[in-house]
Chemist: 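I have a structure here, written as C-alpha cells, and I will follow up with some questions on it.
Model, not experiment: these values are computed from the prediction. Numbered from 1 within each chain, the chains take letters A, B, ... in sequence-line order. Heavy atoms only: backbone and side chains are in, while hydrogens, waters and symmetry mates are out.
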Amino acid sequence: MARTLITSAIPYINGIKHLGNLVGSQLPADLYARYLRARGDDVMFICATDEHGTPAELAAAKAGKPVAEYCAEMHEVQAELGRGFRLSFDHFGRSSSARNHQLTQHFAVRLWERGYIEERTERQMYSRADNRFLPDRYIEGTCPNCGYEKARGDQCENCTKQLDPTDLINPRSAISGSTDLELRETKHLYLLQSKLRDELDRWIDSKTDWPVLTTSIAKKWLHEGEGLKDRGITRDLGWGVPVQFPGAPWSGMEGKVFYVWFDAPIEYIACTAEWADFHGLEEHEWRRWWRLDEGAEDVRYVQFMGKDNVPFHTISFPATIIGSGEPWKLVDYIKSFNYLNYDGGQFSTSQGRGVFMDQALEILPADYWRWWLLSHAPENSDSEFTWENFQTSVNKDLADVLGNFVSRVTKFCRARFGEVVPAGGEWGDTERALVAEVERRVRQYEAHMDAIEIRKAAAELRAIWVAGNEYLQTAAPWAVFKTDPDRAAAIIRLALNLVRLHAILSEPFIPDGAGALFTALKTDAKAWPGDIAEALGALPPGHAFEVPDVLYRKITDEERAAWQERYAGKR
RNA sequence: GGGCCCGUAGCUCAAUUGGUCAGAGCAGAGCGCUCAUAACGCUUUGGUUGGGGGUUCGAGUCCCUCCGGGCCUACCA
C-alpha cells in the first residue's frame, strides 16, 4: 500500500485566517489527502497551529490574557474552523506541545554537535519599561532618511530604506511607546546554513518535477548575493521552546527561546508524535512516517504552502534535517500557491477587508467555499475572488449541473418507478458511449489529481457531472417511458448509479454533498471506481433509495449584493 | 536598484519540448426539451495572444525593448 505523508503549512496562532490563507495550504492539502485515502493509500495528514513568537505575545497582551491561555483558546478556535471546513487532519497539533519542545531541543543539540550551530554575540535594543528585548520591527522612530515619524527598526515603510534600530531618531518601543531603550549585548545561536549550501543546492537540483515557483525561490536564496546566509535561531522571548535546558551543550542562554521559524517546521514531526500520543500508540507508529531507518523509506512526503513559506521549506527546514545527520524524511514534493486577492485588492485583516474563515461558514456551508476555492486555486499566478464569480460558479456548477442532475434523476424515478432502483431493460449504444466517456474522463481526473493539478481536476470533475446531463437529454427516459418502460428503467438505473459515482469522485472536493448522496442512495459502496461499466452497476435493481433534499441552493442576487457590501472593509 | 514570475476572447482560466485556422467554463445570441433547484441539451457570436522590434520555414510559446501587475531581495558609486 502506498504511503503518503502530507503536511499543510501551519497557520499562525494570532487570529482567524482568511480564505486566501485557506486555499493556499490547508484546503488543497485536504483535497489531496481525501483523494489518496479514497484511492486506498495509507495517508498521514498533519497540520498544527504555529504558536511562538512576538506577535503571539502581543496578541495575548492585547486580549489581556496569559500567552499560554490565549494560544490554547485560539488553537481551539482554529481547530473548530478546520472541522467546519471539513479539513480531515489526522492530527491538528500545536507547536507549543511538549513533543515539539523535545524535538526542537534534540535537533539543536545534534546540529551543535555536528558543528552547524555556533554562538554569536550581538547588540540588541532592550526596553526597560517593557522589560524585554525588542525585535527590530518593534522599534519605532523617525526615519533618518526621509523624516517619516513611524519608521520601523528594520525598514522605513515610507521611503523603503533598510534600517537598523540604532539609525532611528527618537527610537521608542512600538509596544509601550517607552523611549527608555538601551543597547545590550546578548548571545544567540546561529544555524550555519552556509556550510550546507552545496548539499542543499544539489538536493534542489534533483527536484526537477517541482513547480518553477518553488525552485526559483529556493535557488534565489541559495545564490543571491554572497550566497546562503546563516540565520539566528534564537530570540529573547519568554514564550517558546527554551534554549537553555538540562543537557544543553551551551550555557548562559537563560530567558531565550528558539526562533519561531526554527521550531515551527519541526512541529510537522512533533505533531505526528502528538498524533501517536493522542491515540495511545507506540513510538514506532509515528517514527515509521519520518525515520528512514524505521520504516519511512517507502513514504512519499508532500508539503502544501503559500509562496511566502517556500524559503523555510526548501532551505531552513531541510538544512535542519540534513545538518542533524540523522535519517529523517525530507520532503519529496512541494505544492506551492500564489495569493488569492479579494475583489480588486488584497485581503486585509486590519481593514476587515475580505472574507475570513469564521465569516464564510456563517454565510454558507463548507462545500460552497471548498468548491469555489479549489476550482479557482491560485496555482499559476495570483487569482481573484469576486462575489459575482463566486455566485455564478456555485449556482451553475453545484446547484445546476450537479444538484439538479441528482434531483431530476431521483424525482423522475420516484414518480415512475418508486424510490427503488428499477429493474428491466438493457444498455444500448447510448449507454456504452456514456460509459466510454466517463471512463476516459475518470482516468483523466485521476491523472490530474495524482499530479495535484487542482483546477484541471475540478474542470474534469465538472465535465463528468455534465456528461450525466448530456446522457439524460439524449436518452430522454421521460419520452421513452411512454412506449417502452423497461428501456426507461435501464436508463434511470444507470443514471442512479451515476449519482453514486459522482458522490465518490466528488468527495474530496465536496465531502458534505457526497455524504448526502450516499445517505440518499442508502449505500456504503464508496470504493474508488476501477472499471466504470462495473462501477455503474453497483446499485442493483430493487435497491431502495430516497429522494434527497435540495443538494445545493442558489445564491440570490440580493445575498450577493449584501455580502459584497458587508465585507468590503473600511470599518 | 537588482533577480524571478505574469499580462491570452466582456469575466475566470487552458494551450505537450516553438508546428495542423489559439481552447474551455461563465456571460451574450439562436434553437430544442420538459424529468428537474425557471433547471438541462444543441448550435453560435467574441481574441491582430499588453505595445513595438527581432530570430525562425513557422512563435502565445525564444531574444531585445517599452507599458502594466506580482513576488523576492538589496541600497554598489
Chemist: Where along residues 397-413 of chain A does a heavy atom fall under 4.0 Å from RNA chain B?
Modeler: A:Ala399, A:Asp400, A:Gly403, A:Asn404, A:Ser407, A:Arg408, A:Lys411, A:Phe412
Chemist: How close or far is atom P of B:G41 from atom CG of A:Leu434, stated in whole angstroms?
Modeler: 14 Å
Chemist: Please give me the minimum heavy-atom distance between A:Leu496 and A:Leu539, naming the atom from each residue.
Modeler: O-CD1, 3.9 Å
Chemist: Please state how far atom NZ in A:Lys396 lies from atom P in B:A24, giving the value in whole angstrom units.
Modeler: 16 Å
Chemist: Can you tell me how far C1' in B:G46 sits from the matching atom in B:C11, rounded to whole Å?
Modeler: 13 Å
Chemist: Can you list, by residue number, the residues of residues 459-484 of chain A that have a non-hydrogen atom closer than 4.0 angstrom to RNA chain B?
Modeler: A:Arg462, A:Val466, A:Asn469, A:Glu470, A:Gln473, A:Trp478
Chemist: With a 4.0 Å cut-off on heavy atoms, is A:Ile492 in touch with a base, just the backbone sugar-phosphate, or nothing at all?
Modeler: nothing
Chemist: Distance between the C1' atoms of B:C13 and B:G47, in whole angstroms?
Modeler: 14 Å
Chemist: Rounded to the nearest 0.5 Å, what's the gap from CG on A:Asp557 to CD on A:Gln564? Could you check?
Modeler: 10.5 Å
Chemist: Any protein N or O atoms within reach of nucleotides 29-31 of chain B? Criterion: under 3.5 Å, listing atom names and distances.
Modeler:
none

Chemist: Test your reading of the model: is there a side-chain donor-acceptor pair from A:Ser393 to the backbone of A:Trp372, 3.5 Å cut-off?
Modeler: no
Chemist: In whole Å, what is the span from the OH atom of A:Tyr368 to the P atom of B:U37?
Modeler: 15 Å
Chemist: How far apart are the closest heavy atoms of A:Leu521 and A:His543, and which atoms are they?
Modeler: O-NE2, 2.7 Å
Chemist: Rounded to whole angstrom, note down the C1' distance from B:G7 over to B:G60.
Modeler: 11 Å
Chemist: Go through it in stages, so that I can follow the logic: the residues are A:Asn338 and A:Lys307, the test is side chain to side chain donor-acceptor pair (under 3.5 Å), and I'd like the CA-CA distance, side-chain angles, deciding distance and then a yes or no.
Modeler: CA-CA 6 Å; A:Asn338 287 283; A:Lys307 57 185 171 187; 3.1 Å; yes
Chemist: Is A:Lys335 close enough and on-axis enough to A:Phe337, meaning under 6.0 Å and within 45°, for cation-pi?
Modeler: yes
Chemist: Does any donor atom in the side chain of A:Tyr567 or A:His18 lie under 3.5 Å from an acceptor atom in the other side chain?
Modeler: no
Chemist: Drop me the distance from A:Met449's CE to A:Glu460's CD, to the nearest 0.5 angstrom.
Modeler: 12.0 Å
Chemist: Show your reasoning for whether side-chain contact (heavy atoms from CB on, under 4.5 Å) applies to A:Trp427 and A:Leu536.
Modeler: CA-CA 11 Å; A:Trp427 285 5; A:Leu536 290 175; 4.3 Å; yes
Chemist: Where does B:G46 fall, syn or anti, if syn means a chi angle no more than 90° from 0?
Modeler: syn
Chemist: Which ones in residues 554-563 of chain A lie close to RNA chain B, meaning a heavy atom under 4.0 Å from one of its atoms?
Modeler: A:Lys554
Chemist: Expressed as a whole number of Å, how far does the P atom of B:U17 sit from that of B:C62?
Modeler: 11 Å
Chemist: Give me the distance, rounded to whole Å, that separates B:G41 from B:U34 when you measure between the P atoms they each carry.
Modeler: 16 Å
Chemist: Measure from CD on A:Glu379 to P on B:G70 and round the result to the nearest Å.
Modeler: 22 Å
Chemist: Taking 4.0 angstrom as the limit, do A:Arg462 and A:Asp397 come out as a salt bridge?
Modeler: yes
Chemist: Atom NE2 of A:His376 to atom C1' of B:A14: distance rounded to whole Å?
Modeler: 13 Å
Chemist: Do A:Thr320 and A:Pro265 have side chains that get closer than 4.5 Å, going by heavy atoms?
Modeler: no
Chemist: I need the CG-P distance between A:Asn338 and B:G70, as an integer number of Å.
Modeler: 13 Å
Chemist: Under a 4.0 Å threshold between the charged nitrogen and the carboxylate oxygen, would A:Arg86 count as salt-bridged to A:Asp30?
Modeler: no
Chemist: Could A:Glu431 and A:Arg487 be called an ion pair, given the rule that one side-chain N must be under 4.0 Å from one carboxylate O?
Modeler: yes
Chemist: Say you pick atom P in B:C64 and the same atom in B:G30; how far apart are they, in whole Å?
Modeler: 49 Å
Chemist: Given Watson-Crick or G-U pairs with both distances under 3.5 Å, what dot-bracket string fits RNA chain B, with | for other-strand pairs and [ ] for crossing?
Modeler: (((((.(..((((.....[...)))).(((((.......))))).....(((((..]....)))))).)))))....
Chemist: Does A:Glu439 have any side-chain contact (heavy atoms from CB on, under 4.5 Å) partners at least two apart in sequence or in another chain, and if so, which?
Modeler: A:Arg443, A:Asp531, A:Ile532
Chemist: Drop me the distance from A:Asp512's CG to A:Leu517's CG, to the nearest 0.5 angstrom.
Modeler: 11.0 Å
Chemist: Identify the heavy atoms of A:Leu361 and A:Trp369 that sit nearest to each other, and give their distance.
Modeler: N-NE1, 4.3 Å
Chemist: Please enumerate all protein N or O atoms sitting under 3.5 Å from an N or O of nucleotides 6-9 of chain B, with distances to 0.1 Å.
Modeler:
none

Chemist: Starting at NZ of A:Lys554, measure out to CD of A:Glu559 and round the result to the nearest 0.5 Å.
Modeler: 12.5 Å
Chemist: With rounding to the closest Å, how many angstrom separate the P atoms on B:U8 and B:U61?
Modeler: 13 Å
Chemist: A:Glu122: which residues meet the side chain to side chain donor-acceptor pair (under 3.5 Å) condition with it, sequence neighbours left out?
Modeler: A:Tyr190
Chemist: Would you say B:G70 has OP1 or OP2 under 4.0 Å from some side-chain N or O of A:Lys307?
Modeler: no
Chemist: To the nearest angstrom, how far is A:Gln444 atom CD from B:G23 atom P?
Modeler: 18 Å
Chemist: For A:Trp387, give me all partners under side chain to side chain donor-acceptor pair (under 3.5 Å), at least two apart in sequence or on another chain.
Modeler: A:Tyr342
Chemist: Walk me through whether A:Trp563 and A:Gln391 qualify under side-chain contact (heavy atoms from CB on, under 4.5 Å).
Modeler: CA-CA 11 Å; A:Trp563 295 335; A:Gln391 180 190 22; over 6 Å; no
Chemist: How far does the P atom of B:C57 sit from the matching atom of B:G18, given to the nearest Å?
Modeler: 16 Å
Chemist: My understanding is that only residues two or more places apart in sequence, or in another chain, count here; which of them pass side-chain contact (heavy atoms from CB on, under 4.5 Å) with A:Ser316?
Modeler: A:Gln193, A:Arg231, A:Phe312
Chemist: Mind jotting down which residue pairs meet the ring pair (Phe, Tyr, Trp, His ring centres under 6.0 Å) criterion with at least one end in residues 470-497 of chain A? Sequence neighbours excluded, please.
Modeler: A:Phe417-A:Phe481
Chemist: What are the residues of residues 445-456 of chain A, sorted by number, that bring a heavy atom to within less than 4.0 Å of RNA chain B?
Modeler: A:Arg455, A:Lys456
Chemist: Rounded to whole angstroms, how far apart are CG on A:Asn389 and P on B:C11?
Modeler: 12 Å
